[in-house]
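Written below as structure tokens is the structure these notes are about.
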Amino acid sequence: MNCIENYPLTDITTMHLPVKCKYFIEYESVFELKEIINSELYVQNKSLQIGGGSNLVFAGDYDGIILHSKIKFLNILKETPDYVIIEAGAGIVWDDFVKFCISKNFYGTENLSSIPGEVGASAVQNIGSYGVEVCEIILQVHCLDKKTGNETTFTNAQCQYGYRDSIFKNEYKDKYIVTSVEYKLSKQPKFTLTYGPLKHYKESLSSDDEMSMSAIRNIIIKTRDSKLPNPMEIGSVGSFFKNPIVSRDLFDILYRQYPSMPFYQVTDALVKIPAGWLIENAGLKGFKIGGAYVYEKQCLVIANNGHASSNDVMALCKYIIDTVKEKYGILLSPEANIIL
Ligand SMILES: Cc1cc2nc3c(=O)[nH]c(=O)nc-3n(C[C@H](O)[C@H](O)[C@H](O)COP(=O)(O)OP(=O)(O)OC[C@H]3O[C@@H](n4cnc5c(N)ncnc54)[C@H](O)[C@@H]3O)c2cc1C
């Protein structure tokens, strides 16, 4: 077991805050992870499993063990003319998995192109973009119980997926470590082109036969690059807040006041409002506390100018929540995992 003490988390998290952990341990197999779980060091310390650190905000130094998976196998478990079932190790970089699927003509991951992070977290976070959520292609999630070291498998239904949500963020929070994920992907062309630039792409083609996953991937990467900060250059966790879902009654009141407010009808009684619009319309575009600021191109993002401390980010997060609550009566909740 290779355990490093006082390990800086700055470069292994995309928010790039100047924080460190007491111990940092990486493992390459389920066997190695079991050894760690059985060790005295593990029993005596709190621990947190991380992936690519792209949705984590450390409120300060972490006084425990940070675990990181380097389980990177990729197995095709079943293949028929219609679909394929692939098991992917939790430590595979998510976008490498997307590239692999596209190269093999397996449909289902292309709309999730370029989302930072790793396979393990995809199943925890229920990542989503451009009208697709990863839960649509997840079959099973293989885990290790953090207390007993026992292996357990959860079916898709047992994972209780919702918008950027799963049982691993609620009832089973910090109770299981995802070791691998099984995805079921279509071998027959199947596209979701309902969102913005993908809708235009569909309209620009003369027949459905011309559609390609690579073209979709390229459009998505271009669009994302124009809106979101590149984590290598500007620290962030992507969307810092969830888009709030409000009652139709509250929406009607707000819409009379702000007729340009964008919205998405969820049900007859519920309406989703983009948090970025609420923040921008509250006059917070570019607003700064210390080295943390509201990203100008997308106000849903809190960015680090290179000098932000955890306190700056936490103070800005609180300021945004308070301002939005006061102006619209809506309580924003962070999408980012805040580690206290
Ligand atoms: C620029 C940018 C753009 C983004 N765009 C999107 C987007 O379009 N859509 C979207 O959904 N997200 C987006 N995100 C957020 C982020 O990429 C996802 O939440 C991603 O799934 C996080 O993966 P990670 O491996 O970095 O997980 P981490 O940030 O390291 O961890 C996230 C959570 O998962 C847990 N976790 C990680 N690995 C495991 C494991 N093996 N077992 C158990 N628990 C685990 C951690 O404890 C933590 O609670 C974006 C982030 C950035 C920085």
Side-chain angles (χ1 to χ4, degrees), residues 9 12-16 21 26-27 30 33 46-58 62 64-72 88-98 109 111-135 138 141-146 152 154 159 161-170 172-181 195 220-221 223-243 295 297-298 300-304 334-340:
L9 299 172
I12 60 164
T13 49
T14 59
M15 198 77 219
H16 302 311
C21 61
E26 286 188 304
Y27 54 88
V30 172
L33 178 57
K46 66 173 181 175
S47 65
L48 177 74
Q49 171 73 40
I50 67 164
S54 61
N55 205 237
L56 294 173
V57 179
F58 284 90
Y62 186 74
I65 306 169
I66 293 290
L67 293 164
H68 181 241
S69 169
K70 288 175 89 180
I71 302 177
K72 287 181 184 275
I92 294 176
V93 170
W94 170 256
D95 202 47
D96 289 347
F97 179 62
V98 174
T109 61
N111 286 35
L112 305 171
S113 285
S114 197
I115 296 181
E118 297 174 0
V119 158
S122 75
V124 172
Q125 304 282 94
N126 188 19
I127 53 171
S129 64
Y130 297 93
V132 171
E133 287 184 326
V134 77
C135 65
I138 287 179
V141 180
H142 299 288
C143 297
L144 218 65
D145 185 317
K146 280 186 78 174
T152 317
F154 295 98
C159 294
Y161 284 119
Y163 167 58
R164 303 288 186 277
D165 205 18
S166 74
I167 199 162
F168 306 110
K169 295 182 89 174
N170 297 294
Y172 292 163
K173 190 171 167 58
D174 290 330
K175 290 206 165 86
Y176 290 92
I177 292 175
V178 176
T179 51
S180 63
V181 183
Y195 267 55
I220 288 175
I221 290 176
T223 311
R224 291 179 68 92
D225 285 351
S226 69
K227 284 189 189 162
L228 291 167
N230 176 346
M232 304 296 282
E233 291 161 12
I234 298 175
S236 87
V237 288
S239 307
F240 201 96
F241 299 100
K242 289 184 183 175
N243 291 318
Y295 191 61
K297 289 187 201 165
Q298 169 52 278
L300 195 47
V301 172
I302 290 183
N304 176 356
E335 182 178 320
N337 290 278
I338 294 173
I339 312 297
L340 298 169

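Order of listing sets the numbers, starting from 1, for every ligand and every atom in it. Small disclaimer: the values here were computed from a predicted structure and weren't measured.
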Report the part of Tyr176 in contact with ligand 1, treating N, CA, C, O as backbone and CB onward as side chain, heavy atoms under 4.0 Å; options are side chain, backbone, both, neither. backbone
Would you check whether Lys173 reaches within less than 4.0 Å of ligand 1, judged by its heavy atoms? no
Lys46 atom NZ, neighbour heavy-atom count above 12 within 6.0 Å: yes
Numbered atoms of ligand 1 (with element) below 4.0 Å of Val124, judged on heavy atoms: 34 (O), 43 (C), 44 (N), 45 (C)
Can you see whether Asp165 engages Asn170 through a side-chain donor-acceptor pair at a distance of less than 3.5 angstrom? yes
Provide, to 0.1 Å, the distance between atom 23 (O) of ligand 1 and the closest protein heavy atom, together with that atom's residue and name. Ala121 CB, 3.2 Å
Which residue and non-hydrogen atom of the protein lie closest to atom 32 (C) of ligand 1, and at what distance in Å? Asn337 ND2, 3.7 Å
Is there a polar contact between ligand 1 and Glu335, counting only N or O atoms under 3.5 Å apart? no
So, regarding Thr14 and ligand 1 (criterion: nitrogen or oxygen to nitrogen or oxygen, under 3.5 Å), is there a contact or not? no
Protein contact of atom 28 (P) of ligand 1 - nearest heavy atom, named by residue and atom, plus distance: Gly53 N, 3.7 Å
For Gly117, take its heavy atoms, then give the atoms of ligand 1 lying under 4.0 Å from any of them. 23 (O), 24 (P), 25 (O), 26 (O)
Which atoms of ligand 1 sit under 4.0 Å from any heavy atom of Val178? 40 (C), 41 (N), 42 (N), 43 (C)
By number and element, which atoms of ligand 1 are closer than 4.0 Å to a non-hydrogen atom of Gln125? 19 (O), 21 (O), 32 (C), 33 (C), 34 (O)
Lys146 (side chain) donor-acceptor with Lys175 (main chain) under 3.5 angstrom: no
Quick note on ligand 1: atoms under 4.0 Å from a heavy atom of Ile115 include exactly 6 (C), 7 (C), 8 (O), 9 (N), 12 (N), 13 (C), 17 (O)
Find the distance between OH (Tyr195) and CD1 (Ile220) and round it off to the nearest 0.5 Å. 12.0 Å
Heavy-atom nearest neighbour of atom 46 (C) of ligand 1 within options Lys169, Lys227, Arg164, Gln49: Gln49
Parallel, tilted or perpendicular: ring planes of Tyr176 versus Phe168, cut at 30 and 60 degrees: perpendicular
Numbered atoms of ligand 1 (with element) below 4.0 Å of Ile50, judged on heavy atoms: 30 (O), 37 (C), 38 (N)
Side chain, backbone, both or neither: which part of Leu48 comes within less than 4.0 Å of ligand 1 when only heavy atoms are counted? side chain
Who passes salt bridge (Lys or Arg N to Asp or Glu O under 4.0 Å) against Arg164, sequence neighbours left out? Glu335
Proximal ligand 1 atoms for Pro229, defined as those under 4.0 Å from one of its heavy atoms: 1 (C)
What protein heavy atom sits nearest atom 51 (C) of ligand 1, and how far off is it? Val237 O, 3.3 Å
Spell out, as yes or no, whether a donor-acceptor pair under 3.5 Å connects the side chain of Ser236 to the backbone of Gly238. yes
Give yes or no for whether the N/O distance cutoff of 3.5 Å, strictly under, is met between Glu118 and ligand 1. yes
Any side-chain heavy-atom pair of Phe240 and Val301 under 4.5 Å: no
Between the side chain of Ser166 and the main-chain N/O of Tyr161, is any donor-acceptor distance below 3.5 Å? no
Side chain or backbone, does Ile127 bring an N or O within less than 3.5 Å of an N or O on ligand 1? no
Filter on side chain to side chain donor-acceptor pair (under 3.5 Å), then keep only pairs touching residues 113-129, sequence neighbours left out; what's left? Asn55-Gln125, His68-Glu118, Ser113-Arg217, Ser122-Tyr183, Gln125-Asn337
Distance-only, no hydrogens or angles: does the His16 side chain make a donor-acceptor pair with backbone N or O of Glu233 under 3.5 Å? no
Nearest 0.5 Å, what's the OG1-CD1 distance between Thr14 and Ile12? 11.0 Å
Quick test of your reading of the structure: of Gly235, Pro116, Gly52, whose heavy atom lies closest to atom 24 (P) of ligand 1? Gly52
Looking only at protein heavy atoms, which one is nearest to atom 29 (O) of ligand 1, and what is the separation? Asn55 N, 2.7 Å
Could you state the interatomic distance from CD1 (Ile50) to OG (Ser69), rounded to the nearest 0.5 Å? 11.0 Å
Using a strict cut-off of 4.0 Å, indicate which atoms of ligand 1 neighbour a heavy atom of Arg224. 3 (C), 4 (C), 5 (N), 6 (C), 7 (C), 8 (O)
Looking only at distances, can you tell me whether any N or O atom of Ser129, backbone or side chain, sits closer than 3.5 Å to an N or O atom of ligand 1? no
For atom 26 (O) of ligand 1, what's the nearest protein heavy atom and its distance? Ser54 OG, 2.6 Å
Can you tell me the protein heavy atom closest to atom 11 (O) of ligand 1 and the distance? Gly128 N, 3.0 Å
Sort out for me which residue in Ile66, Leu67, Ile65 forms a side chain to side chain contact (heavy atoms under 4.5 Å, CB included) with Gln49. Leu67
Considering heavy atoms of the protein only, find what lies nearest to atom 48 (C) of ligand 1 and give residue, atom and distance to 0.1 Å. Leu56 CD2, 3.7 Å
Gln298 side chain vs Leu300 backbone, donor-acceptor pair below 3.5 Å: yes
